[in-house]
Amino acid sequence: MIRKAVLPVAGLGTRMLPVTKVIPKELLPLLNRPVIEYVVDEIIDSGFDSLIFVISYGKEAILDYFDVDLGLKSFLRDRKKEVLLSLIEEVEDKIRYLSSIRQKIPQGLGHAVLMAERLVGNEPFAVVLGDDLVDSDVPCLKQMTETYTVLSAKTQGHSVIALEEVAWEDVSKYGIIEGEKIEDDLILIKRVVEKPPLEEAPSNLSIIGRYLFEPVIFDFLKKIPKISGEYQLTDAIQAMIDDGYPVYGYIFQGKRLDTGNLKGFFEATLHYAMKDSSLREVLRNFCSKLL
Ligand code: G1P
């Protein structure tokens, strides 16, 4: 049973500047909920109960969002705003065990994950990136934990990483893998390359921000070199593979929405508006007048 999920949310969000100068990218609203809440819902719906946020200066509001605001609650209660009160309580109740640790100086995703080592301890855990949303019938992380459990019967010390086929022109935005197909949705990964130029990409299978790791990943995160000021998680994954630990790529079922750039964020907004019965017609009518 994997219970702990690490959410690295310390990044500066430069791809969404200028708004991210004052608002953490994780709190940008998709309709009336912050992006991070969609990710937290997926984690909770997948059976995890302990969420570890790796934050940085100015990101405290992410934790506050999931915390109990007694002042707001009594204000709403006094004014008999029951519907709003239950809306607030639903968010407050989501995370059973919430903890955080600070990455004081940005040093890459690998370093952010390593910051969570003490809080994770010696057990398998998930790493979930807040930019990547997956809309699916079965939550993406749940699909992954089920795959992890099935694999546990035949192997040990293994990791599972979610993969998605992307357009070739997008390969240099992501970690890209090379591997051997084992089943339709399962690949044994041999090589991972972080944001390769198109001509060097070994495939168009990209790593999305969902990983299940054994705690041994921390040993590799401590060994990898710092390149251009950053420790890359991808380098630790490659080092783990080279040392004989099996790393599986799992091609999940669902729609991935990359909210880390303006185009993807806009698409995600439209995607969730179309799923909302009260907004679908508004969007359709508005667009039909525009076009
Ligand atoms: C990170 C990882 C990359 C992965 C991507 C998924 O990149 O380093 O391997 O494909 O997340 O969103 P970032 O988006 O932090 O630059």
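Both ligands and their constituent atoms are indexed starting at 1 by order of listing. Keep in mind that what you see is a predicted model, and the values were worked out from it rather than measured.
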When only distance counts, is [X] in polar contact with ligand 1, meaning an N/O pair under 3.5 Å?
X    : answer
Y174 : no
I207 : yes
K173 : no
Y211 : no
E194 : yes

Short list, please: which atoms of ligand 1 are under 4.0 Å from a heavy atom of [X]?
X    : value
L129 : 1 (C), 11 (O)
R256 : 6 (C), 12 (O)
D132 : 6 (C), 12 (O)
T234 : 9 (O)
G175 : 3 (C), 4 (C), 9 (O), 10 (O)
K195 : 7 (O), 13 (P), 16 (O)

| task | Tell me which protein heavy atom sits closest to atom 14 (O) of ligand 1, plus the residue, atom name and distance to 0.1 Å. | result | R15 NH2, 3.3 Å
| Does E164 approach ligand 1 within less than 4.0 angstrom via side chain, backbone, both or neither, non-hydrogen atoms only? | neither
| query | When you look for heavy atoms under 4.0 Å from ligand 1, do you find them on the side chain of R210, its backbone, both, or neither? | reply | neither
| message | Can you tell me how the ring of H158 sits relative to the ring of Y248, calling it parallel under 30°, perpendicular over 60° and tilted otherwise? | response | perpendicular
| Going by heavy atoms in the side chains, are V35 and F265 under 4.5 Å from each other? | yes
| By ring-ring contact (aromatic ring centres under 6.0 Å, His included), which residues pair with Y245, not counting sequence neighbours? | F220
| task | Can you establish whether the number of heavy atoms outside D78 located under 6.0 Å from its atom CG is more than 12? | result | yes
| field | Shared hydrophobic cluster for V19 and L262 (ILVMFWY, side-chain gaps under 4.5 Å) | value | yes
| query | Shared ILVMFWY cluster between L109 and L119, side chains joined below 4.5 angstrom? | reply | yes
| query | Does a side chain donor of either Y65 or E26 reach within less than 3.5 Å of an acceptor in the other side chain? | reply | no
| task | Answer yes or no: is there an ion pair linking R102 with E60, defined by an N-O contact shorter than 4.0 Å? | result | yes
| Under the criterion side chain to side chain contact (heavy atoms under 4.5 Å, CB included), which of D69, V83, L85 is the partner of L76? | L85
| Are E230 and ligand 1 in contact, using a heavy-atom cut-off of under 4.0 Å? | no
All N/O donor-acceptor pairs, side-chain side in residues 123-142, below 3.5 Å, sequence neighbours left out:
| residue | atom | partner | partner atom | Å |
| --- | --- | --- | --- | --- |
| E123 | OE1 | R3 | NE | 3.4 |
| E123 | OE1 | R3 | NH2 | 3.0 |
| E123 | OE2 | R3 | NH2 | 2.9 |
| E123 | OE2 | K4 | NZ | 3.3 |
| D131 | OD1 | K25 | NZ | 3.1 |
| D131 | OD2 | K25 | NZ | 3.2 |
| D132 | OD1 | R256 | NE | 3.0 |
| D132 | OD1 | R256 | NH2 | 3.1 |
| D132 | OD2 | G209 | N | 2.9 |
| D135 | OD1 | K275 | NZ | 3.0 |
| D135 | OD2 | H271 | NE2 | 2.7 |
| D135 | OD2 | K275 | NZ | 2.8 |
| S136 | OG | V138 | O | 2.7 |

